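As the structure is a computational prediction, the values presented were derived from the model and not from experiment. If you read the sequence from its start, that first residue is 1, and numbering goes on from there.
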Amino acid sequence: MLAVSEHTSADPQEEPGEGGQAAAVAFMSDGSNLPDGGPAEVIRTHCAFVFLAGSSAYKIKRAVRYEYLDFSTLEKRYDMLLRELELNAP
């Protein structure tokens, strides 16, 4: 699943909407950096990067802003992470 963002990035090496996250995405994409040690499949959505490695999944919220959500700052992404964990708790 791939969604194209209309936002622009100041760094031509980054995809639009990544907001300086290229190093983190590259690190997570290399499966040897993950506990399972195998290759990681990367799924890019409109608001996240999901890394599937073995029996584990990891997610980075993309630094994007849309009319319906704002993940443009680390603080906003962290706040949403806490809310997501709360909603998904048993």
Side-chain angles (χ1 to χ4, degrees):
M1 184 182 331
L2 175 66
V4 178
S5 170
E6 295 177 7
H7 301 280
T8 59
S9 173
D11 184 344
Q13 299 300 315
E14 293 182 11
E15 291 293 321
E18 288 184 15
Q21 296 177 306
V25 171
F27 180 85
M28 295 295 291
S29 297
D30 181 352
S32 67
N33 294 318
L34 302 175
D36 289 341
E41 177 185 354
V42 181
I43 300 170
R44 184 175 149 191
T45 71
H46 67 291
C47 64
F49 294 99
V50 179
F51 305 89
L52 304 176
S55 62
S56 300
Y58 306 90
K59 180 165 72 170
I60 297 176
K61 295 187 180 306
R62 292 180 62 208
V64 294
R65 184 180 333 178
Y66 298 106
E67 291 180 13
Y68 54 91
L69 81 96
D70 185 356
F71 289 166
S72 60
T73 68
L74 183 59
E75 180 180 13
K76 290 177 180 183
R77 293 189 301 277
Y78 182 74
D79 289 344
M80 188 55 65
L81 163 83
L82 295 178
R83 179 70 178 129
E84 187 175 345
L85 290 173
E86 179 183 320
L87 288 171
N88 291 320

Looking only at heavy atoms, which two atoms of [X] and [Y] are closest? And how far apart?
X	Y	value
Arg62	Gln21	CA-OE1, 3.3 Å
Ala63	Arg77	CB-NH1, 3.3 Å
Val64	His46	CG2-O, 3.8 Å
Asn33	Phe27	ND2-O, 2.9 Å

When you measure from the side chain of Tyr58 to the backbone of Leu34, do you find a donor-acceptor pair of N or O atoms at a distance under 3.5 Å?
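Answer holds: no.
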
Under 4.5 Å between side-chain heavy atoms, counting indirect links through other Ile/Leu/Val/Met/Phe/Trp/Tyr residues: same cluster for Ile60 and Tyr78 or not?
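Ile60 and Tyr78: separate clusters.
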
Below 4.5 Å, heavy atoms only, C-beta onward: do Glu84 and Lys59 meet side chain to side chain?
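Yes; the side chains approach each other to less than 4.5 Å.
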
Are Asp79 and Glu75 close enough that some pair of their side-chain heavy atoms sits under 4.5 Å apart?
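Heavy-atom side-chain distance check passes, below 4.5 Å.
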
Please report the interatomic distance [atom1]([X]) to [atom2]([Y]), rounded to the nearest 0.5 Å.
X	Y	atom1	atom2	value
Glu86	Leu81	CD	CG	11.5 Å
Lys61	Phe71	NZ	CZ	4.5 Å
Met80	Leu85	CE	CG	11.5 Å
Phe49	Ser29	CZ	OG	8.0 Å

Side-chain heavy atoms under 4.5 Å apart, restricted to Ile/Leu/Val/Met/Phe/Trp/Tyr: what other residues fall into the cluster of Leu74, or is it alone?
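Result for Leu74 is none, singleton.
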
